[in-house]
Amino acid sequence: MLIGVSPVISPDLISVLHRMGHGDEIVLSDAFYPADSCNARVIRADGIKIPALLDGILRLINIDPYVKDPLVMMKAVKGDSLDPAVEESYTKAIKHIYPDAPSITRIDRFAFYERSKTAFAIVVTGETVKYGNIIIKKGVVPVAPHWAK
């Protein structure tokens, strides 16, 4: 265990976060996501919900402020609907660490799958909510971290 690192962050996940460069993306997927079909680097975080992972991860990396859509979720398929509480819970976790974070952008299901194929890694979580997947684009680490101010 490391001081200051959330217990939801496994050794494999901390290694991936460390090896990611700015502009790399990480997918936090629900328990049903076809992760192994989309990416060779898959980390398991079974039983852990995405808001808890967002809180732990965003204490260790920055959200890329230089791109249009650094936070992306899947749109509902035609005829289906989104539960607004899902995005609200993710936004709350994100804004707790980054109050000025941009809004989450929604993209088509198959565009999301394609984007996850080029992500640095996919973390399969214990999340079971519908349309609960999110992509985070890592930014440059500042000289003085936001939490040290």
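All residue numbers refer to positions in the sequence shown, counting from 1. Just the heavy atoms: all of them, side chains too, but no hydrogens, waters or symmetry mates, feed the values below.
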Can you list, pair by pair, the side-chain donor-acceptor contacts under 3.5 Å of residues 1-15, counting residues two or more places apart and other chains?
from: Ser6; atom 1: OG; to: Val8; atom 2: N; distance (Å): 3.2
from: Ser10; atom 1: OG; to: Leu13; atom 2: N; distance (Å): 3.1
from: Ser15; atom 1: OG; to: Arg19; atom 2: NE; distance (Å): 3.2

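- Checking side-chain atoms of Tyr90 against main-chain N and O of Asn133 turns up no donor-acceptor pair under 3.5 Å.
- Using a 4.5 Å cut-off on side-chain heavy atoms (C-beta onward), Met73 and Thr105 make no contact.
- Formation of a donor-acceptor pair under 3.5 Å by the Asn39 side chain with backbone atoms of Arg41 is found in this model.
- Under the 4.5 Å side-chain heavy-atom criterion for Ile, Leu, Val, Met, Phe, Trp and Tyr, Val27 and Leu58 are members of distinct hydrophobic clusters.
- Only one option out of Ile134, Ile135, Ile122 pairs with Leu28 in a side chain to side chain contact (heavy atoms under 4.5 Å, CB included); it is Ile134.
- Remark: side-chain polar atoms of Glu127 are paired, donor with acceptor, to backbone N or O of Ile50 under 3.5 angstrom.
- Listed here is the closest heavy atom pair of Thr125 and Ser29: OG1-O, 2.7 Å.
- The two atoms that bring Ala35 and Val124 nearest to each other are CB-CG2, 3.4 Å, heavy atoms only.
- At a threshold of 4.5 Å between non-hydrogen side-chain atoms, the residues Pro70 and Pro102 count as touching.
- Put simply, CD1 on Ile61 and NE2 on His22 are 13.0 Å apart, with the number rounded to the nearest 0.5 Å.
- One finds the CD atom of Glu87 at 4.5 Å from the CD1 atom of Ile104 (value rounded to the nearest 0.5 Å).
- Interatomic distance, His96 NE2 to Thr91 OG1, rounded to the nearest 0.5 Å: 14.5 Å.
- In terms of heavy-atom proximity, Ala101 sits nearest to Leu71 at CB-CD1, 4.4 Å.
- Side-chain contact between Val129 and Lys49 is absent, with no heavy atoms from C-beta onward closer than 4.5 Å.
- Side-chain contact between Lys95 and Pro99 is absent, with no heavy atoms from C-beta onward closer than 4.5 Å.
- Val72 is not connected to Leu17 by any chain of hydrophobic side-chain contacts under 4.5 Å among Ile, Leu, Val, Met, Phe, Trp and Tyr, and they are in different clusters.
- Under a hydrophobic-cluster definition in which Ile, Leu, Val, Met, Phe, Trp and Tyr are linked whenever side-chain heavy atoms come within less than 4.5 Å, directly or via other members, Leu54 and Leu82 are assigned to different clusters.
- A donor atom on one side chain and an acceptor atom on the other are found under 3.5 Å apart for Tyr33 and Ser116.
- Across all their heavy atoms, Met74 and Tyr113 have their closest contact at CE-CE2, 3.9 Å.
- Remark: the Asp80 side chain and the Tyr131 side chain contain an N/O donor-acceptor pair separated by less than 3.5 Å.
- Pairing each heavy atom of Pro51 with each of Ala93, the nearest pair is O-CB, 3.7 Å.
- Residue pairs meeting the salt bridge (Lys or Arg N to Asp or Glu O under 4.0 Å) criterion with at least one partner in residues 21-34, sequence neighbours excluded, are Glu25-Arg115, Glu25-Lys137.
- Residues Ile107 and Ile136 do not share a hydrophobic cluster, defined by chaining ILVMFWY side chains whose heavy atoms lie under 4.5 Å apart.
- When hydrophobic clusters are built by joining Ile, Leu, Val, Met, Phe, Trp and Tyr residues whose side-chain heavy atoms come closer than 4.5 Å, directly or via intermediates, Val42 is not grouped with Val123.
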